[in-house]
Amino acid sequence: MTAVKPPRDRAPTWPGYEALLDRAATTGQDPGGAELERLRAFGELAAADGTTLRGLVVRHLSRARAAWPAGTAEGDRVLVAVQLAVEALCEGYERAQQLAVRQQESARREFIDDLLYGRGDPVRLAERAERFGLRLSHEHAVAAAEGPTPYTEGDSVPRRVERAVTGRFGERRILLTTKGGRMVCIAPGDQRQVLAYFAKQAHAATGGGRAAVGRPHPGAGGVVHSYEEALQALDLAGRLGLEDPVLHAADLLVYPVLTRDRRAMAELVRTTLGPLLKARGGPEPYLETLTAYFDAGCVTTQAARRLSLSVRALTYRLQRIHQLTGSDPTDPRHRYPLQTAVIGARILGWPGRKVWTKT
């Protein structure tokens, strides 16, 4: 089937439309399936050519009015044909619009994947970024938010967050999307209030989810770097049990430094905390005790309150740790290596894994 392309005038009419009306008036024959499909194809081409749906409908109704027969019976027949023809035109027009939306969404998703994974030619990527309001020659920062369930594009929660952010700051130079089940916001590095507001809205919309904000970096590679920092912050928060609803990668730089040499950290954990494996009930209660004690600034009463223990019970655990490991948590000389080992154990997942092997 060959579709007739609509002319580039202000309101095109399908070339076979008047013949269709004449046939309906004289014989009462409705448009056939092939004829309706040609009308749909014409509607698609009209949409691609820039014709408005209103103009397309008005034009065909005007032609129908000019061809309207004087007799009542014939008029009813023509009215049925007009209805079928206009419906087919609108279906074709909407089909073209849906295709355009799908193509735009596909191009947007492909761009986001290339941007966040650092794929493709940087020059070409920067050109594509301009279409979405991003100037990659400037610094950008990325925030990622996660909730109790994974999110995809079009879900109600990401849409709600996007409406809140764009309603306050507009759409230019801000890109909101989903990736890996998380909500992601990319904004200029000098507009930290955008990412802070995004994180606040995401936390509220997810019913207590967590968001992390990467540091600003220049260029397309800077977006990748900031995105990876945000993901790393979320991962650290899960491993360390951090309760902050919004995390900033700049505040967590010490942890990647501590674990940069994972073999050395694993050796520290094994040497310092390994004796706790001999404790009755396993090392977990003692690790929990050390974590609470250090988080409380080594204040015994506060640590006991956090663990719902008496001060006497907490003191006994600290003494038992000293007996087993040879390191006294209350002694400033032993405190730093012991606390570092505890942090390393939480990051490396000890004692669930053998951290002294390469991970």
Side-chain angles (χ1 to χ4, degrees), residues 144 146 148 180-182 208-210 212 228-245 247-249 251-359:
E146 59 186 10
R182 305 179 183 89
R210 182 185 286 118
E228 290 176 345
E229 287 181 340
L231 296 185
Q232 187 178 52
L234 290 174
D235 180 65
L236 280 172
R239 291 175 180 269
L240 298 176
L242 303 180
E243 298 178 354
D244 307 61
L247 305 163
H248 294 271
D251 299 333
L252 302 174
L253 289 177
V254 65
Y255 297 108
V257 171
L258 289 175
T259 56
R260 187 162 295 165
D261 189 340
R262 296 176 69 88
R263 186 179 295 276
M265 176 58 75
E267 182 63 23
L268 175 66
V269 172
R270 185 190 69 81
T271 302
T272 306
L273 301 178
L276 294 178
L277 292 169
K278 302 175 183 178
R280 181 180 301 175
E284 285 82 0
Y286 297 101
L287 286 176
E288 185 182 22
T289 298
L290 289 170
T291 298
Y293 182 66
F294 293 134
D295 288 348
C298 300
V299 178
T300 306
T301 53
Q302 291 186 15
R305 192 178 305 116
R306 292 188 181 192
L307 294 171
S308 299
L309 295 174
S310 66
V311 173
R312 182 177 180 180
L314 180 72
T315 302
Y316 170 78
R317 285 192 182 182
L318 294 176
Q319 292 173 348
R320 184 62 178 150
I321 290 170
H322 187 190
Q323 292 171 358
L324 289 169
T325 66
S327 298
D328 183 1
T330 64
D331 187 336
R333 295 174 300 172
H334 299 168
R335 190 173 298 159
Y336 177 74
L338 194 57
Q339 185 173 7
T340 303
V342 170
I343 293 173
R346 293 163 72 184
I347 293 176
L348 298 176
W350 188 87
R353 291 182 295 173
K354 294 181 178 180
V355 301
W356 51 87
T357 62
K358 187 175 181 180
T359 57

Q. Going by the salt bridge (Lys or Arg N to Asp or Glu O under 4.0 Å) test, which pairs reach into residues 301-322, not counting sequence neighbours?
A. none
Q: For a side-chain contact (heavy atoms from CB on, under 4.5 Å) with H248, tell me which candidate from D244, L252, D251 qualifies.
A: D251
For the atom pair [atom1] ([X]) and [atom2] ([Y]), what is the distance rounded to the nearest 0.5 Å?
X: D328; Y: L318; atom1: CG; atom2: CG; value: 8.0 Å
X: D295; Y: E243; atom1: CG; atom2: CD; value: 9.0 Å
X: L348; Y: M265; atom1: CG; atom2: CE; value: 7.0 Å
X: Q323; Y: Y316; atom1: CD; atom2: OH; value: 7.0 Å
X: W350; Y: L287; atom1: CH2; atom2: CG; value: 5.5 Å

(Q) Please give me the minimum heavy-atom distance between L314 and A303, naming the atom from each residue. (A) CD2-CB, 3.6 Å
(Q) So does S327 get a backbone contact from the side chain of H334, meaning a donor-acceptor N/O pair under 3.5 Å? (A) no
**Q.** Main-chain N/O of L231 paired with R182 side-chain donor or acceptor, under 3.5 Å
**A.** no
Q) When you look at T330 and Y293, which way does the side-chain contact (heavy atoms from CB on, under 4.5 Å) test go after all the steps? A) CA-CA 9 Å; T330 64; Y293 182 66; 3.4 Å; yes
Q. Mind checking what makes side-chain hydrogen bond (donor to acceptor under 3.5 Å, both in side chains) contact with R333, not counting sequence neighbours?
A. D331
